[in-house]
Amino acid sequence: MPAKRSSQPPERPRTGSAADRDNPGVIAPPPLLFAAPLAVGLVLQSVVLDGGMGLPGLFRWPIGSLAILAGLAIIGLAVERFARAGTNPEPWKPATTVVADGIYRLSRNPMYLGMALAYAGIAVLADSALTLALLLPALLIVDFGVIRREEAYLERKFGARYRNFTAQTRRWL
(Lines give C-alpha, C1' and ligand atoms only; values in the text may rest on other atoms or scores of the structure.)
Protein backbone atom coordinates (compact mmCIF):
# COMPACT_ATOMS: atom_id res chain seq x y z
CA MET A 1 0.00 0.00 0.00
CA PRO A 2 1.44 3.42 -0.94
CA ALA A 3 2.19 5.90 1.85
CA LYS A 4 -0.45 8.56 2.38
CA ARG A 5 0.69 11.95 1.15
CA SER A 6 0.22 14.96 3.36
CA SER A 7 -1.81 17.86 2.01
CA GLN A 8 0.42 20.24 3.99
CA PRO A 9 3.36 21.85 2.19
CA PRO A 10 6.76 20.80 3.49
CA GLU A 11 8.19 23.08 6.16
CA ARG A 12 10.85 25.46 4.96
CA PRO A 13 14.12 25.12 6.85
CA ARG A 14 14.84 28.08 9.09
CA THR A 15 18.19 29.77 8.94
CA GLY A 16 17.53 32.02 11.90
CA SER A 17 18.35 35.32 10.18
CA ALA A 18 16.03 38.29 10.61
CA ALA A 19 15.43 38.34 6.85
CA ASP A 20 13.92 34.84 7.05
CA ARG A 21 11.25 35.62 9.62
CA ASP A 22 8.52 38.20 9.96
CA ASN A 23 9.85 39.94 13.05
CA PRO A 24 12.95 41.99 13.82
CA GLY A 25 14.72 39.35 15.90
CA VAL A 26 15.23 41.51 18.98
CA ILE A 27 17.68 40.16 21.57
CA ALA A 28 15.12 40.05 24.40
CA PRO A 29 11.76 41.55 25.38
CA PRO A 30 12.39 45.29 25.94
CA PRO A 31 10.68 45.39 29.37
CA LEU A 32 13.19 42.75 30.51
CA LEU A 33 16.07 44.83 29.15
CA PHE A 34 14.96 47.66 31.43
CA ALA A 35 13.89 45.51 34.40
CA ALA A 36 17.18 43.58 34.70
CA PRO A 37 19.50 46.58 35.25
CA LEU A 38 16.83 48.23 37.39
CA ALA A 39 16.72 45.21 39.69
CA VAL A 40 20.52 44.84 39.75
CA GLY A 41 20.96 48.51 40.60
CA LEU A 42 18.36 48.46 43.37
CA VAL A 43 19.77 45.30 44.92
CA LEU A 44 23.39 46.50 44.74
CA GLN A 45 22.44 49.90 46.11
CA SER A 46 20.68 48.39 49.11
CA VAL A 47 23.11 45.52 49.80
CA VAL A 48 26.54 46.79 48.80
CA LEU A 49 26.49 50.58 48.75
CA ASP A 50 25.76 52.84 51.65
CA GLY A 51 23.63 55.90 50.98
CA GLY A 52 21.99 57.21 47.86
CA MET A 53 21.93 60.36 45.79
CA GLY A 54 21.06 62.41 48.83
CA LEU A 55 17.96 63.96 47.31
CA PRO A 56 15.55 64.99 50.05
CA GLY A 57 12.19 63.21 50.00
CA LEU A 58 10.59 66.57 49.32
CA PHE A 59 12.16 66.49 45.84
CA ARG A 60 12.45 62.73 45.33
CA TRP A 61 8.78 61.92 45.65
CA PRO A 62 7.33 64.46 43.19
CA ILE A 63 10.14 64.03 40.63
CA GLY A 64 10.16 60.23 40.81
CA SER A 65 6.38 59.91 40.84
CA LEU A 66 5.95 62.33 37.95
CA ALA A 67 8.54 60.43 35.87
CA ILE A 68 6.83 57.10 36.56
CA LEU A 69 3.36 58.45 35.77
CA ALA A 70 4.58 60.18 32.61
CA GLY A 71 6.34 57.00 31.49
CA LEU A 72 3.28 54.85 32.09
CA ALA A 73 1.03 57.37 30.31
CA ILE A 74 3.34 57.42 27.27
CA ILE A 75 3.42 53.61 27.17
CA GLY A 76 -0.39 53.54 27.43
CA LEU A 77 -0.80 56.01 24.56
CA ALA A 78 1.62 54.01 22.41
CA VAL A 79 -0.08 50.67 23.10
CA GLU A 80 -3.45 52.26 22.36
CA ARG A 81 -2.17 53.43 18.95
CA PHE A 82 -0.97 49.92 18.14
CA ALA A 83 -4.35 48.48 19.17
CA ARG A 84 -6.18 50.98 16.95
CA ALA A 85 -3.93 50.10 14.03
CA GLY A 86 -4.44 46.38 14.65
CA THR A 87 -0.74 45.60 14.89
CA ASN A 88 1.37 43.89 17.52
CA PRO A 89 3.24 45.97 20.11
CA GLU A 90 5.48 43.00 20.89
CA PRO A 91 8.62 43.21 18.73
CA TRP A 92 8.90 39.44 18.45
CA LYS A 93 5.59 39.30 16.53
CA PRO A 94 4.97 40.47 12.95
CA ALA A 95 4.21 44.13 12.31
CA THR A 96 1.18 44.67 10.10
CA THR A 97 1.50 48.42 9.53
CA VAL A 98 3.57 51.49 10.34
CA VAL A 99 2.02 53.42 13.23
CA ALA A 100 2.82 57.09 12.63
CA ASP A 101 -0.01 58.98 14.33
CA GLY A 102 -0.83 60.01 17.88
CA ILE A 103 2.18 59.82 20.20
CA TYR A 104 4.19 58.37 17.29
CA ARG A 105 4.25 61.82 15.67
CA LEU A 106 6.58 62.89 18.50
CA SER A 107 8.77 59.80 18.84
CA ARG A 108 9.37 56.62 16.85
CA ASN A 109 9.92 54.79 20.14
CA PRO A 110 7.48 56.10 22.73
CA MET A 111 7.19 52.74 24.50
CA TYR A 112 10.94 52.65 25.15
CA LEU A 113 10.91 56.32 26.11
CA GLY A 114 8.11 55.57 28.57
CA MET A 115 10.01 52.60 30.00
CA ALA A 116 13.12 54.78 30.42
CA LEU A 117 11.12 57.49 32.21
CA ALA A 118 9.48 54.97 34.54
CA TYR A 119 12.89 53.40 35.23
CA ALA A 120 14.39 56.83 36.03
CA GLY A 121 11.45 57.62 38.30
CA ILE A 122 11.92 54.40 40.25
CA ALA A 123 15.66 55.10 40.61
CA VAL A 124 14.92 58.61 41.90
CA LEU A 125 12.29 57.35 44.34
CA ALA A 126 14.77 54.74 45.58
CA ASP A 127 17.43 57.46 45.91
CA SER A 128 19.78 55.18 43.95
CA ALA A 129 22.48 56.86 41.87
CA LEU A 130 23.80 53.44 40.83
CA THR A 131 20.41 52.39 39.51
CA LEU A 132 20.07 55.67 37.63
CA ALA A 133 23.57 55.22 36.17
CA LEU A 134 22.62 51.73 34.91
CA LEU A 135 19.90 53.32 32.78
CA LEU A 136 22.58 54.35 30.26
CA PRO A 137 23.76 50.79 29.52
CA ALA A 138 20.12 49.69 29.39
CA LEU A 139 19.39 52.36 26.78
CA LEU A 140 22.43 51.32 24.74
CA ILE A 141 21.36 47.67 24.83
CA VAL A 142 17.81 48.63 23.79
CA ASP A 143 19.18 50.84 21.02
CA PHE A 144 21.51 48.21 19.55
CA GLY A 145 19.62 45.03 20.44
CA VAL A 146 16.07 46.19 19.76
CA ILE A 147 15.59 49.55 18.04
CA ARG A 148 18.15 49.13 15.25
CA ARG A 149 16.84 45.63 14.53
CA GLU A 150 13.26 46.92 14.48
CA GLU A 151 14.22 49.75 12.14
CA ALA A 152 15.95 47.41 9.69
CA TYR A 153 12.98 45.02 9.79
CA LEU A 154 10.39 47.79 9.29
CA GLU A 155 12.37 49.29 6.40
CA ARG A 156 12.60 45.86 4.72
CA LYS A 157 8.92 45.22 5.25
CA PHE A 158 7.38 48.64 4.57
CA GLY A 159 10.05 50.38 2.46
CA ALA A 160 9.33 54.00 1.51
CA ARG A 161 6.41 54.26 3.93
CA TYR A 162 8.71 53.56 6.87
CA ARG A 163 11.53 55.73 5.47
CA ASN A 164 9.10 58.66 5.20
CA PHE A 165 8.10 58.13 8.83
CA THR A 166 11.75 58.11 9.98
CA ALA A 167 12.43 61.29 7.99
CA GLN A 168 9.59 63.09 9.80
CA THR A 169 9.89 61.70 13.33
CA ARG A 170 12.86 61.53 15.70
CA ARG A 171 13.96 58.24 17.20
CA TRP A 172 13.48 59.36 20.82
CA LEU A 173 12.31 63.00 21.08
Side-chain angles (χ1 to χ4, degrees), residues 18-19 21-42 53 55 59-126 128-173:
R21 61 182 178 267
D22 192 9
N23 68 66
V26 300
I27 62 169
L32 179 63
L33 296 175
F34 283 101
L38 178 69
V40 167
L42 292 173
M53 291 184 276
L55 282 175
F59 296 110
R60 246 189 8 243
W61 287 99
I63 293 169
S65 299
L66 183 61
I68 292 168
L69 291 174
L72 294 175
I74 291 169
I75 292 167
L77 290 170
V79 169
E80 182 269 336
R81 284 285 121 186
F82 269 63
R84 274 188 190 219
T87 193
N88 297 304
E90 302 94 341
W92 53 89
K93 293 183 179 177
T96 60
T97 189
V98 174
V99 179
D101 62 342
I103 191 83
Y104 285 89
R105 290 180 314 212
L106 305 173
S107 171
R108 294 195 312 257
N109 297 290
M111 286 187 224
Y112 307 142
L113 176 61
M115 288 179 210
L117 277 171
Y119 178 117
I122 293 168
V124 168
L125 281 178
S128 176
L130 174 63
T131 304
L132 193 57
L134 289 176
L135 178 56
L136 181 59
L139 290 171
L140 290 171
I141 292 167
V142 168
D143 185 54
F144 287 99
V146 177
I147 293 172
R148 292 175 192 249
R149 292 171 186 228
E150 286 179 332
E151 288 176 342
Y153 162 72
L154 293 170
E155 186 168 353
R156 271 192 319 274
K157 185 161 184 172
F158 299 107
R161 184 171 177 203
Y162 182 72
R163 284 190 298 277
N164 290 338
F165 172 56
T166 62
Q168 296 172 2
T169 307
R170 294 176 187 220
R171 181 179 279 163
W172 289 96
L173 280 179

Tell me, do [X] and [Y] make a side-chain contact under 4.5 Å, heavy atoms counted?
X      : Y      : answer
Pro37  : Pro137 : no
Ile147 : Arg108 : no
Glu155 : Thr166 : no
Ile27  : Ile141 : yes
Pro89  : Met111 : yes
Arg105 : Thr169 : no
Val99  : Arg84  : no
Phe34  : Pro29  : no

Calculate, to the nearest 0.5 Å, the distance between atoms [atom1] and [atom2] belonging to [X] and [Y] respectively.
X      : Y      : atom1 : atom2 : result
Leu173 : Asn109 : CG    : CG    : 10.0 Å
Leu72  : Met115 : CG    : CE    : 10.5 Å
Leu113 : Ile103 : CG    : CD1   : 8.0 Å
Leu38  : Ile122 : CG    : CD1   : 5.0 Å
Asn23  : Trp92  : CG    : CH2   : 10.5 Å

Check for a donor-acceptor pair, side chain of [X] on one end and backbone N or O of [Y] on the other, with a separation under 3.5 Å.
X      : Y      : value
Asp143 : Leu139 : no
Ser128 : Ala123 : no
Thr131 : Leu42  : yes
Thr96  : Gly86  : yes

request  = Cation-pi check, Arg148 to Phe144: give yes when NZ or CZ is under 6.0 Å from the six-membered ring centre and within 45° of the ring axis, no otherwise.
outcome  = yes

Closest approach of [X] and [Y], non-hydrogen atoms and distance?
X      : Y      : result
Gly71  : Leu117 : CA-CB, 3.8 Å
Val146 : Pro30  : CG1-CG, 3.9 Å
Pro91  : Val26  : CB-CG1, 3.8 Å
Ile74  : Pro110 : CG2-O, 3.1 Å
Ala95  : Tyr153 : N-OH, 3.0 Å

> Going through the checks in order, is the side chain to side chain contact (heavy atoms under 4.5 Å, CB included) test met by Glu151 and Tyr162?
Replying inline: CA-CA 9 Å; Glu151 288 176 342; Tyr162 182 72; 3.1 Å; yes

With side chain to side chain contact (heavy atoms under 4.5 Å, CB included) as the test, would you mind laying out the steps for Asp22 and Lys157 before giving the verdict?
CA-CA 8 Å; Asp22 192 9; Lys157 185 161 184 172; 2.9 Å; yes

Aromatic ring centroids of Tyr104 and Phe82 under 6.0 Å? yes

